Amino acid sequence: QPTWIDQNTIQIITVLRADITPGATILMPTGIQNQPGFVQTTAASSPSMINYQSAIKGKFTVLAVRQIGNLRQPDGTAWCTVINASPVPA
């Protein structure tokens, strides 16, 4: 989930991305994730579909991008992109 870190600034941590640069516009998803690899379970075992939606939605302008990589750490959290962004005025 994206997190508000300051007034009008969110922080998004994602897999390592080279295509996002400062000044770019990004769009946070508005609906339920329906991408390849997303596993949906039966209604009885799924507590609520709202859990699969992002809490922060809409267009954002990228303010800063930071790449994090740890050569000796094999898990995905050691190789990520941290994005700071502000909402695009409507």
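This is a predicted model, so every value here is computed, not measured. Reckoned from all heavy atoms, side chains included, excluding hydrogens, waters and symmetry mates.
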Return the CG to CD1 distance between Asp19 and Ile26, rounded to the nearest 0.5 Å.
10.5 Å
One should read off an interatomic distance between Ile13 CD1 and Ile83 CD1, to the nearest 0.5 angstrom, of 10.0 Å
side-chain contact (heavy atoms from CB on, under 4.5 Å) against Trp4, all qualifying residues, sequence neighbours excluded:
Ile10, Ile56, Phe60, Pro87
Not counting sequence neighbours, list each pair that qualifies as a salt bridge (Lys or Arg N to Asp or Glu O under 4.0 Å) and has a residue in residues 76-86.
none
Hydrophobic cluster mates of Leu16, side-chain heavy atoms under 4.5 angstrom, ILVMFWY only, any path?
Trp79
Heavy-atom closest contact (Ser86 atom, Asn8 atom, distance)
CB-O, 3.1 Å
Those residues at least two apart in sequence (or on a different chain) that pass side-chain contact (heavy atoms from CB on, under 4.5 Å) with Ile5 are Thr9, Gln11, Asn84
Pair up each side-chain donor or acceptor in residues 62-71 with any protein partner under 3.5 Å, not counting sequence neighbours, and list the distances.
residue: Gln67; atom: OE1; partner: Thr81; partner atom: OG1; Å: 2.7
residue: Gln67; atom: NE2; partner: Arg17; partner atom: O; Å: 3.0
residue: Asn70; atom: OD1; partner: Arg72; partner atom: N; Å: 3.2

For Thr14 against Cys80, the heavy-atom pair lying closest together:
O-CB, 3.2 Å
